[in-house]
Amino acid sequence: MSHGIDSEFGDLGLQRLSDAALARCVELGVEHADVRVERTRSQHLRLRDGRPEGSSDGEDTAFAVRVVHDGTWGFAASVDLNTGEAVRVAEQAVAMARLSRPLSTERVELAPEPVHAGASYVSSYEIDPTTVPESEKAALLAQWSRDLLTADGVDHVDAGVHAVKENSYYADTAGTSTTQQRVRIHPDLTVVGIDATTGAFDTMRTIAPPTGRGWEYLAGSPTGADSGWDWASELAELPDLLAERLAAPSVQAGHYNLVIHPTNLWLTLHESVGHATELDRALGYEANYAGTSFATFDKLGSLRYGSDLMHVTGDRRVEHGLSTVGFDDEGVAAQQWDIISGGVLVGYQLDRNMASHKGFARSNGCAYADSALHVPIQRMPNVSLQPVHAGPSVAELVDAAGDGLLVVGDKSWSIDMQRYNFQFTAQRFYRIRGGKLAGQVKDAAYQANTTDFWGAMSAVGGPSTYLLAGAFNCGKGQPGQVAAVSHGAPAALFEGINVLNTVAEAGR
Amino acid sequence: MSAAGTGAAPTPHELVERALAMSTTDGCVVVAEETASTNLRWAQNTLTTNGEMRGRSLTVIATVDGATGTSSGVLTRSNVPVEQIEAVVRAAEAAAKAAEPAEDARDLVAGDGDAGQWPLEPAVTTSSVFASFAPALGAAFERARSGGRELFGFAEHDVSTSYLGSSAGLRLRHVQPSGRVEITGKSHARTRSTFVGQATTDFTDVDVDALDTEVVRRLGWAARSIDVEPGRYDTVLPPTAVADLMIYLYWSASAREAHDGRTVFSRPGGGTRVGDRLGQLPVRLWSDPGAAGLGCAPFVLATASGPASSVFDNGLPLSPTNWVADGTLSALLQTRASAELTSLPLTPAVDNLLLEVPGSTGSTDDLVAATRGRGLLLTCLWYIREVDPQTLLLTGLTRDGVHVVDDGEVIGTATNFRFNESPVDLLGRILAASGTQRCLPREWGDYFTRASMPALRVEGFNMSTVSPAS
C-alpha cells in the first residue's frame, strides 16, 4: 500500500524556512550549509498483567542548521519554526563554527554527492501505527496478555508496543532537497514464572523482531498480505517454553558447537561487525564514548575477519529495514555495499566528511541524527550476514553440530570498547546431543573475541533460515543519540565457543 | 509554519494555566518543560562537533473517574502553539476516556505550590558557560600534541526548567542544571588509554589543567605491562565504577517488581527483602533532593507511569531516603499504589544517589596506598548489562586500564577484563572504603550525573575473561 507524506508536515513551511536559513548562511560566507526539519512521533504503551501500566505519546518537531564555515562545523537548532528564527539559528550555527575554529585542526570537507532536488521517500507499510488509537492497541495486547495468564505456570505477563513515525526534510546549499516519511513498530510480550517455594523465577519473551512495518504487523494485513509474523503460534508456545526453561538443568560450562538462530545472531552481528566497521569508531571519533574498533583503517582489504563463508553487506534499502531510507541526513541516496567478503574486511560505513577525508569518491549514506536537536553522525545501516545459496536448514545445522547448543532469541549483551570481547545470553539454549535437540538448559552465556568467533563459523544456513531482525535502541554519540537498525542473518554454526554458567559466575 | 508571529508566545506557566483551564475531565496534570543545552566534543586533540540547542515540551495528563477505577491519558508535544493547546488537552482526555482503569490511580496530589517561583522565566545556558573552559581545553590540546598524547572527550551543560500544575491546585517550578566533562587520553599509538570525568553544575569548578595532569599520571602507570590471568582479585573500584554499579542496583529496586517476585529484592514465598542485611559493614545508600552539590527536584515529576513511577503522584514531596541503612535494605522505589500493595513506606525515586561507609575517609589514592600485597585498581566500567535478575548478576568490561597495585604502589597495567558481578553481593564484600565524593558515573552519566560515592576495595572481584581492548 503506498502512502503520501503527511500534509501537516508539508504545512510547516519547510521550503520557506530552509530558504531563509540557507540564504543567511550564504551571506555569512559558508562553504556548505544544510537545514533539517524533523518531526518524530513516538508512542509507548506498557501493560502489566493485562492492565495499563503506563503510556506516552510524544511528538517532537524542530529544525537545525549545520554549516561548514572556514573548514569548521557549526550547528544550532530550535523548536520555533519561523523564518525569523531560521535566520537567527543560521547565525548561531556560524557563530558556533567561529567559536570552534581555534580548537579545530582538521578541515571539514564533504565528499561530492549528485544533487537530488525535490526528492521524496515513504517507507513500506500498510497502517500508520501512530494513527491507531491507544485504546485499540491496548485492547489487543490486553487480550493476548489475558490469554497467556490463563496458562499454567504463567504468573505475570508484561506487554508493550513502541511505534514511531519520522518525517524529515533536508535542504542544502548544493540544491538537494528531500522529504521523507517512515514508520516502525516494536511489540514485545514476556511471560514470568515464579516458584513460590524457592523464589526461583524466570522469563520467556517473544522473539518477534522490531520492524519497519505498520500496525498490520500485529493486527494483520487488511489486504490479506503477509504482515511479517505469526503471533498466534508464537504466543501459544510461550508458556510451555517458559515451563521448560524453569525446569531445565543448569548448563555445564565449557566449549560447545553453537547453532545460532537469526533471532540471536543479529545482535552478535550488530555488536561485533556493525559497530566495529563504523569508520568514525575506527578513526577514533567515538573513543571517549562508544569506543574505537580493532578493525582500523589500515586493515581495509586485508583483515581476516572470519571464515571464507562470511559475507556481510551494509544497506539502507531493504524493505522493512529499520535503517532503510531514501536519502540520509546529508542528502546522500541510499545504497548497498559489501563490508566483509570472503571473510575479509572490504568496506566501512561512511558519511560525507569521512569519505572525503579517507579518499572515497562518495559517501555510502550513513549520516543520521535522531532529532533536529542533534547533529548527524555516522550511524549504522542495515548490516546483514548473507545466507549461502542452497545452504543448510536449521535441522541440518543442528545435525552438523553433533554435540552443542542451539541458541534462540536475544537477551543480555555486552562488548568491549574495541569490539573484541563479547558475552551474550539468549531467550533459550537447547542442548544438542548426537545431532539432535535434547531439551533446554539454563544459566548459559556465550563469550568470545570477535575474529575468533567469526573465524569459527563453519556452516552458514540457506535462505530459508534468513530473518531480518533488529533493534530500536542503538546508542552512540555525545550528546547521546538513539537509532533503529535491522540486521538480516541466517542460522549459522560456530565451533568450539566458550560457554559460561552464569550461576557459577555469580559465585553461587 | 507554526503560530509564532501571531502574538507574544505564552510563558511556560501561562501555557500550563491555559491547558488546565481547558480541562473537562475529572483531573488534569500539566507539565511544561524548557531545556537549554550546549556542548563541545573533541577527538585527536581537535574539536569535532558542537551545538547549542533549545527544547520545549508540554505534557498533558488527563484522568477520568469511572465505575471500576480511574484511567489516564498522556500526551507530550514539543513547542505547542497557543491555538493547539486545546487539541492536545482533548486528545489526552480522549485517550483517558478510552483507556482501562490504571492500577496506579490515586487522587491527584493536592497543594498550592510556590507562588513566588511559579511565574518566573525558564533558566537558560549558552556556550558562554565554556568561556574559560574552551581556552584551557585548547591549551591541553597543545600540551597533548607536544607530549605525544591524544585527547578525546565531551563537555555538556544543560538546564531544564519544569513547570508542574494540576487541577488539584499544584503550581510547582524546578530548575535543574546538569553538566559534565569527560576526557579520554591515549598514547603510544593508542596502546595506552585512560579516562577522567567530572560532574559539574556550572563549570566554574572544572579545572582542565588538573584533569589533564591526572590523564598524564595515569598514562604513565601503563609504562609497565603486567600479565594478569582472569580470576577473582581484591580490587579497588574508584567512585565512578561504584556509582555505575550502585545506580544499576537503584534502578532495579522497584517495590512493585520485588513484590511480584521477580527481582533480587523479592523474598521467596512472597513479599520483599526490606529488612534483610546485605553486608556486614554499616553501609548507607541514600538519596536526598537537598544533598549539597547534587540538588534535584524535591517533588515527583513523572510524564509516564512505569514500575516505579506514577503520573498520579506528580507533585508528591520528596525527602531524604535511605535505601540501605546500616548495611540493611531499608526501602524500595515506590509509588503510592505500590506502597499500599507492599505495606511499606512511600519512598518515591529521587534523582541522585549517595553511598557511604561510615567512618571511612581519604581518597582513592589513599585506598591504593593502604593496599597490602597484590591488588587491582580499575579506571572505570563500561557496557554494563543484566545477565541474571535473580542475583542481579551484571556483566560488563573494565575500560581504559586495570592497574596492578603492589604494597600500596601502582606498579603497572594489566589487560582489561570482562567482569560478572552483582552489586548486591558486592555490598557484602567490602574490605575498605574511602570517603564519599562527588563523581561522574562513566556509563550512566548520560542520564545520571548526580552521584557521590566512595572508592571501595572489594574482595574477589570476578574478572571473568580477558578483553584485549586498549
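Proximity to chain A (any heavy atom under 4.5 Å) is shown, for B:Asn50, by both the backbone and the side chain. If you measure heavy-atom distances from B:Ser266 to chain A, you find no contacts under 4.5 Å at all. With a threshold of 4.5 angstrom between heavy atoms, A:Pro133 does not approach chain B through any atom at all. With a threshold of 4.5 angstrom between heavy atoms, B:Ser470 approaches chain A through its backbone and through its side chain. Only the side chain of B:Asn416 comes within contact range of chain A, with heavy atoms under 4.5 Å apart. Proximity to chain A is limited to the side chain of B:Thr49, based on heavy atoms less than 4.5 angstrom apart. For A:Glu286, the parts lying near chain B are the backbone and the side chain together; criterion is any non-hydrogen pair under 4.5 Å. With a 4.5 Å cut-off on non-hydrogen atoms, A:Asn353 does not touch chain B at all. Using a 4.5 Å cut-off between heavy atoms, B:Pro135 does not touch chain A at all. Heavy atoms of B:Val80 lying under 4.5 Å from chain A are absent altogether. Interface residue A:Glu271: only side-chain heavy atoms are found under 4.5 Å from chain B. Residue A:Arg41 touches chain B through its side chain alone, counting heavy-atom pairs closer than 4.5 Å.
Checked by atom type and distance alone, the side chain of B:Arg262 never pairs as donor or acceptor with a backbone atom of A:Thr203 at under 3.5 Å. Judged purely by atom type and a 3.5 angstrom limit, A:Asn421 has no side-chain atom pairing as donor or acceptor with the backbone of B:Pro468. Under the 3.5 Å distance criterion, the side-chain polar atoms of B:Asn79 are matched with a main-chain donor or acceptor of A:Val79. A:Thr105 places no side-chain N or O within 3.5 Å of a backbone atom of B:Thr46 that could act as its donor or acceptor partner. At distances below 3.5 Å, not a single donor-acceptor pair connects side-chain atoms of A:Ser414 with backbone N or O atoms of B:Ile384. A donor-acceptor pair under 3.5 Å is absent between the side-chain atoms of A:Ser56 and the main chain of B:Ala304, judged by distance alone. Although no hydrogens or angles enter the test, the distance criterion places a donor-acceptor pair under 3.5 Å between the side chain of B:Gln390 and the main chain of A:Phe201. Checking side-chain atoms of A:Glu53 against main-chain N and O of B:Gly306 turns up no donor-acceptor pair under 3.5 Å.
No hydrogens or angles considered: nothing links the side chains of A:Thr292 and B:Arg190 as a donor-acceptor pair under 3.5 Å. With 3.5 Å as the limit, one finds no donor-acceptor pair spanning the side chains of A:Thr502 and B:Asn420. A side-chain donor from one of A:Glu505 and B:Asn462 sits under 3.5 Å from a side-chain acceptor of the other.
A distance of 4.0 Å separates CD of B:Glu52 from CD of A:Gln92, quoted to the nearest 0.5 Å. Here CE of A:Met96 is found 4.5 Å from OG1 of B:Thr38. Values are rounded to the nearest 0.5 Å.
Ranked by non-hydrogen atom pairs under 4.5 Å with chain A, the options B:Arg54, B:Glu421, B:Glu150, B:Arg418 are led by B:Arg418. Your options are B:Phe130, B:Trp382, B:Phe417, B:Phe419, and the one with the most heavy-atom pairs under 4.5 Å with chain A is B:Trp382. Contact count versus chain B (heavy atoms, under 4.5 Å) is highest, among A:Val108, A:Thr197, A:Leu283, for A:Leu283. Residue with the most contacts toward chain A among B:Asp388, B:Leu394, B:Val387: B:Val387 (heavy-atom pairs, distance under 4.5 Å). Interface check for chain A: of the options B:Lys186, B:Arg232, B:Arg256, B:Arg267, the most heavy-atom pairs under 4.5 Å are formed by B:Arg256.
Considering every non-hydrogen atom in both A:Asn288 and B:Phe195, the closest pair reads OD1-CE1, 3.7 Å.
Ion pairing between B:Arg56 and A:Asp60 fails under the 4.0 Å rule for side-chain N and carboxylate O.
Partner of B:Glu103 under the salt bridge (Lys or Arg N to Asp or Glu O under 4.0 Å) criterion, chosen from A:Arg48, A:Arg51, A:Arg46: A:Arg51.
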